[in-house]
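Indexing begins at 1, ligand by ligand and atom by atom, following the structure's order. A quick note: this is a predicted structure, and the numbers were derived from the prediction, not measured. All heavy atoms count here, side chains included; hydrogens, waters and symmetry mates do not.
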Amino acid sequence: PVKTGYGQAPVNIALSKYWGKRDVALNLPTNGSLSISLPELGTETRLSWHETGPDKITLNNEEMAPEAPFVKRLSRFLNFFRPDANGGFDVETLNTVPTAAGLASSASGYAALVKALDDCFQWQLAPRELSLLARLGSGSASRSLYDGFALWHKGERADGLDSYAEKIDQTWPEFCIGLLEIDTSTKPIGSTQGMQQTVNHCELYQAWPEKAEQDLATIHRAILDKDFQTLGATAENNALAMHATMIATWPPILYWQPESVAAMHRVWQLRQEGVTVYFTMDAGPNLKLLFLETETPALMRALPEMKCLKPFA
Ligand code: DP6
């Protein structure tokens with residue numbers, strides 16, 4: 001007898017970032033984080049459980065080699081859920097976003113996978129419990145269980161049972177995200193390894209957890225108040241502070257390309273000219289712009305290559 005399941009989940013962009021773990025095995029973060037989901041981009045996963053193994057993983061219609069790091073990480077995650085050790089999962093994953101290009105495909109990937117498992121084994125878990133399980137696959141996946149804004153609580157417990165994300169009750173139809181794709185090839189160092197290196201080899205990192213919690217609270221408040229300028233300025237500063245800890249690590253981690261820096265200057269120049277636009281960046285060279293709908297025409301004129309997404313459309 002074969003059991004099957006289906007799940008899908010959106011990509012999310014952190015406005016206040018997760019960078020650093022207090023427990024590496026359980027993906028327990030040093031600080032809380034807050035994100036916005038992009039329903040137009042994400043992952044769809046079909047899964048089946050067979051009584052004889054091994055696992056078979058297909059990504060974007062291509063079967064992956066068993067020794068690929070992507071497959072090893074996935075199979076290790078699936079070990080949490082195997083009804084018996086001899087069985088195997090057949091996982092078919094389709095991404096509508098380039099894998100590992102700093103667009104958080106692991107987030108939508110593990111969130112979709114957990115939903116597919118829930119469907120396959122008929123657990124009927126609540127979103128908060130699914131968020132907790134997705135976190136075990138990739139920290140940022142905890143936030144991809146929801147549309148709109150999500151807040152991942154860092155939690156205090158050693159077992160991580162209080163470290164899950166919740167939806168923030170606010171819709172903001174005018175809210176836009178602009179993608180400025182600088183380079184979509186695979187990044188030199190993944191976020192899992194990058195944050196470990198920062199935690200262990202960066203003196204500036206000591207200042208990060210407290211700042212991150214303050215930014216999180218400021219952005220949360222700004223969302224509830226629909227105070228866009230506070231949200232944008234705090235999110236941009238939070239991303240730059242995170243990148244400052246990466247740069248100050250030894251050996252240094254610099255995800256920026258010359259074109260990333262040029263794009264930052266462009267955003268600052270546009271702000272000087274009166275356009276209300278901010279940016280955020282993750283573990284990659286691409287920029288994600290934050291703005292309200294009223295600024296779309298000015299931005300499309302200035303940056304015709306920008307892809308405009310509407311999280312609440
Ligand atoms: C810079 O969730 O990819 O995008 O938990 O090791 O899988 P793991 O890390 P991951 O880290 C994301 C880091 C970030 C910031 C963020 O999304 O909050």
Query raised in the report: What atoms of ligand 1 come within less than 4.0 Å of a heavy atom belonging to S191?
Result: 3 (O), 9 (O), 10 (P), 11 (O)

Query raised in the report: Can you say whether the rings of F121 and F89 are parallel (under 30°), tilted (30 to 60°) or perpendicular (over 60°)?
Result: perpendicular

Requested in this report: Examine the side chains of R76 and N79 and answer whether a donor and an acceptor come within less than 3.5 Å of each other.
Outcome: no

Query raised in the report: When the ring centroid of Y110 is compared with that of F77, is the distance short of 6.0 Å?
Result: yes

**Report entry** Under the side chain to side chain contact (heavy atoms under 4.5 Å, CB included) test, residues paired with S33 that sit two or more places apart
**Finding:** Y18, R143, W152

Query raised in the report: Less than 3.5 Å between some nitrogen or oxygen of K21 and one of ligand 1, yes or no?
Result: yes

**Report entry** More than 12 heavy atoms of other groups within 6.0 Å of E273 CD
**Finding:** yes

Query - Closest to atom 16 (C) of ligand 1 (judged by heavy-atom distance), picking from M242, Q196, R143 - result: R143

Query - Test side-chain hydrogen bond (donor to acceptor under 3.5 Å, both in side chains) applied to K21 - qualifying residues, sequence neighbours left out - result: N27

**Report entry** Enumerated ligand 1 atoms positioned under 4.0 Å from heavy atoms of S140
**Finding:** 2 (O), 3 (O), 10 (P), 17 (O)

**Report entry** T192 neighbourhood, listing ligand 1 atoms whose heavy-atom distance to it stays under 4.0 Å
**Finding:** 6 (O), 7 (O), 8 (P)

Query raised in the report: Is there a heavy atom of R73 sitting under 4.0 angstrom from any atom of ligand 1?
Result: yes

Query raised in the report: Are the aromatic ring centres of F312 and W172 under 6.0 angstrom apart?
Result: no

Report summary line: One finds that the ligand 1 atoms under 4.0 Å from a non-hydrogen atom of S106 are 3 (O)

Report task. Could you tell me which atoms of ligand 1, counted from 1 in the order shown, lie closer than 4.0 angstrom to a heavy atom of M195? Result -> 9 (O), 11 (O)

Report task. May I ask which of W19, Y255, Y18 has a heavy atom nearer to atom 15 (C) of ligand 1 than the others do? Result -> Y18

Query raised in the report: Less than 3.5 Å between some nitrogen or oxygen of A283 and one of ligand 1, yes or no?
Result: no

Query raised in the report: Mind checking whether F149 and F175 have ring centres under 6.0 Å apart?
Result: yes

Requested in this report: Pull out every atom of ligand 1 sitting under 4.0 Å from any heavy atom of A14, numbered as shown with elements.
Outcome: 16 (C), 17 (O), 18 (O)

